[in-house]
Amino acid sequence: GAVVSQHPSWVICKSGTSVKIECRSLDFQATTMFWYRQFPKQSLMLMATSNEGSKATYEQGVEKDKFLINHASLTLSTLTVTSAHPEDSSFYICSATTGAGANVLTFGAGSRLTVL
Amino acid sequence: DAKTTQPTSMDCAEGRAANLPCNHSTISGNEYVYWYRQIHSQGPQYIIHGLKNNETNEMASLIITEDRKSSTLILPHATLRDTAVYYCIVANAGNNRKLIWGLGTSLAVNP
């Protein structure tokens with residue numbers, strides 16, 4: 001079946017630094033990838049939709065200059081949290097779809113970011 | 001996209017069937033019902049989806065009422081590894097693949 005690999009699975013960084021999270025579709029080409037953020041005991045919140053070769057579409061309230069998304073190929077999308085602060089500490093999850101079929105998404109395992 | 005209503009939590013004995021309900025009374029004709037689950041500290045996992053007819057796969061069965069206003073996800077023989085948060089989502093299968101995630105049902109499978 002479709003597999004999405006997300007790396008790193010957890011990261012700890014100092015306030016003010018930038019962190020990059022990678023999302024790869026291992027055995028299929030992902031025309032669209034999604035990035036979510038999930039705080040403890042809360043549901044997934046969509047941050048942005050990333051289409052290969054074009055600019056990401058950000059959800060309302062998500063700062064595009066702070067959360068840089070690049071989708072340079074059909075198998076890789078990256079999320080960079082720039083100038084991270086403690087309030088950015090969260091569980092970040094990506095998902096990908098081939099574009100075929102009815103909204104079936106394959107998710108990565110998530111990346112736990114802790115900003116000190 | 002239509003909203004869904006699910007119980008906050010449920011318990012199930014290991015080996016028994018787990019029946020997770022979902023209400024989606026405002027579902028429109030072209031919206032599918034999707035079920036995903038999220039095991040603690042992992043990304044969500046797709047389970048099953050359907051439009052009108054009941055569906056079954058290796059993981060679960062999905063029963064959709066005739067009026068499509070509610071559905072039930074059935075895990076026929078729950079195991080401890082099925083302990084997770086289960087999300088019921090209704091969404092159009094068109095170009096917009098944005099799914100609206102609620103809080104789901106936290107299922108605890110007990111030994």
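Reminder, nothing fancy here: chain letters follow the sequence lines and each chain counts from 1.
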- Looking at A/Leu44, A/Ile93, A/Thr106, which has the largest count of heavy-atom pairs under 4.5 Å with chain B? A/Leu44
- Task: Below 4.5 Å from any heavy atom of chain B, which atoms of A/Gln6 appear? Answer side chain, backbone, both or neither.
- Result: neither
- Note on the structure: Sequence neighbours excluded, the answer for side chain to side chain contact (heavy atoms under 4.5 Å, CB included) partners of A/Thr17 is A/Cys13, A/Lys14
- Using side chain to side chain contact (heavy atoms under 4.5 Å, CB included) as the criterion, list what pairs up with A/Lys55, not counting sequence neighbours. none
- Ring geometry between B/Tyr46 and B/Tyr36 (parallel below 30°, tilted from 30 to 60°, perpendicular above 60°): perpendicular
- Please state whether the side chain, the backbone, both or neither of B/Ser106 comes within less than 4.5 Å of a heavy atom of chain A. neither
- Do A/Phe34 and B/Trp101 have their ring centres less than 6.0 Å from each other? no
